[in-house]
There are 2 protein chains.
Amino acid sequence: MDTPELTSTLDLMRWVGWAQRKAGEDWVRERDLSFEQAFALGYLVRNPGAIQRDLAQITRTSAASVSSLLQGLERRGLVERRTERGDERSKRVHATPAGAELVAGFDTAMAASDETILSPLDESERATLHALLQKITAELPRPTRS
Amino acid sequence: MDTPELTSTLDLMRWVGWAQRKAGEDWVRERDLSFEQAFALGYLVRNPGAIQRDLAQITRTSAASVSSLLQGLERRGLVERRTERGDERSKRVHATPAGAELVAGFDTAMAASDETILSPLDESERATLHALLQKITAELPRPTRS
DNA sequence: TGTTGACAGTTAGAGTTCTAACGGTTAGCT
DNA sequence: AGCTAACCGTTAGAACTCTAACTGTCAACA
């Protein structure tokens, strides 16, 4: 059986999304990270002191998912979660130096993968694709903080 | 905090994929199904007697995931898995009448959601988007049977 | 016929994700 | 000050997903 016939536009988009994730998996596996962990770590390196709800929104997941994910990272000493004076409700999350070091290069690797995925298109086509996607997403539901 | 700045093309695609999934969730929740279950059931209704590996490929998941998913559906009497004479290795999977009835309308509901998502684009723009995506996916790794 | 490689499905263990429920904190209003 | 609503993170339980390992079946070849 060959690859099944994928004909709908949204099917194609999901396939692209899958391919992107696949492309990142060799990178993360070498470091004993999951894709989600690497993404979260990368975000925390760029946004030190983010609260968990921020991460839930960025990843379009739930508070429970983030809590669980960070629990695993914290257990490995890759992040730290602390409340700060003045706000005992929210925990500020930081990548540790070990975490930052482990995830260094992930963004670069993913950008390279993205470039490979888009390589069949020239600059004009890429701009067109981007504009169309922006038109679509302008009308999409915003990821709320669930 | 408002919606984070999503600027990359692939970020936008992932957002569209997320929105599509979100759109289907009210429908499946009413029937006490997960999105994955509804998708698998729908596939099996259209492809009676498919083997599990087929489903793994269609969904770009693993044999283990399919095994687990179908176990849940079988427990609820929504699918049946049987080997057929002449091939004791592969299990042929069928949606039961109850399963078929429960998932009836899912494809229609999803098509309507897709239409809503694409509604900001006119016919010409849709054709352009589709062509660009086809160009990209023509070079993508094929989902193998993992 | 016998052997080998490919194929199929399952299990174990771990991670991710969900909903619902919960307890705690903060902000805004009266 | 007191109340209420919103916000935050966690837990429980279940489902989905992965890899690795395993057992069993089938196909091809010598």
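In the text below, chain A, chain B and the rest are named by the order of the sequence lines, each starting its count at 1.
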Side-chain donor-acceptor distances from residues 98-105 of chain B under 3.5 Å, at least two apart:
none

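At a non-hydrogen distance threshold of 4.0 Å, B/Ser65, B/Ser68, B/Leu69, B/Arg75 from residues 65-78 of chain B come into contact with DNA chain D.
Atoms CD (A/Glu84) and C1' (C/dT25) sit 15 Å apart, rounded to a whole Å. Per the geometry, CD belonging to B/Glu25 stands 11 Å off C1' belonging to C/dT19, to the nearest Å. Atom CD in B/Glu36 sits about 12 Å away from atom P in C/dT19, given to the nearest Å. Here the P atom of nucleotide D/dT25 and the CZ atom of B/Arg82 are 19 Å apart, to the nearest Å. Between the CG atom of A/Asp32 and the C1' atom of D/dC18 there is a distance of 13 Å, rounded to whole Å. Atom CG in A/Leu41 sits about 15 Å away from atom C1' in C/dG15, given to the nearest Å. Rounded to whole Å, atom C1' of D/dT17 lies 14 Å from atom CG of B/Leu55. Distance CZ (A/Arg53) to P (D/dA6): 13 Å, rounded to an integer number of Å.
Heavy-atom distances to DNA chain C give each of A/Asp87 and B/Lys91 a nearest nucleotide, and the one nearer the 5′ end belongs to B/Lys91. Positionally, the nearest nucleotide of DNA chain C for A/Phe35 lies more toward the 5' end than for the other of A/Arg89 and A/Phe35. Where B/Gly86 and A/Trp18 each meet DNA chain D at their nearest nucleotide, the meeting point lying more 5' is that of A/Trp18.
Judged purely by distance below 3.5 Å, without hydrogens or angles, the side chains of B/Gln52 and B/Arg81 pair a donor atom with an acceptor atom. No hydrogens or angles considered: nothing links the side chains of B/Glu80 and B/Thr96 as a donor-acceptor pair under 3.5 Å. Side-chain contact check for B/Ser68 and B/Ser65: no donor-acceptor pair (N or O, by modelled atom type) lies under 3.5 Å.
Checking C/dT26, D/dC26, C/dG9 against every side-chain atom of B/Glu88, the shortest atom distance belongs to D/dC26. Which of D/dA15, D/dC8, D/dC26 sits closest to the side chain of B/Gln37 comes down to D/dA15. Side-chain atoms of B/Ala63 lie closest to C/dT10 of the nucleotides C/dT16, C/dT10, C/dA8. Comparing D/dC18, C/dT16, C/dG9 by their nearest atom to the side chain of B/Gln52 picks out C/dG9.
Here A/Arg60 does not reach the OP1 or OP2 of C/dT17: none of its side-chain N or O atoms lies under 4.0 Å away. A close approach under 4.0 Å does not occur between any side-chain nitrogen or oxygen of A/Ser34 and OP1 or OP2 of D/dC18. For the pair A/Ser62 and C/dC18, the criterion of a side-chain N or O lying under 4.0 Å from OP1 or OP2 is met.
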Report the C-alpha separation of B/Glu115 and B/Arg126 in whole Å, then their side-chain angles, then the decisive distance to 0.1 Å, and conclude whether the salt bridge (charged side-chain N to carboxylate O under 4.0 Å, His left out) test is met.
CA-CA 11 Å; B/Glu115 180 60 35; B/Arg126 291 186 197 192; 2.9 Å; yes
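Counting any heavy atom pair closer than 4.0 Å across all strands shown, A/Arg29 reaches sugar-phosphate atoms only and no base atom.
If you take CG on A/Leu118 and NZ on B/Lys135, they are separated by 12.5 Å, rounding to the nearest 0.5 Å.
Classification of the B/Phe35-B/Phe106 ring pair by plane angle, with boundaries at 30° and 60°, yields perpendicular.
Within the 4.5 Å cutoff, side-chain heavy atoms of A/Arg76 are placed close to those of A/Asp32.
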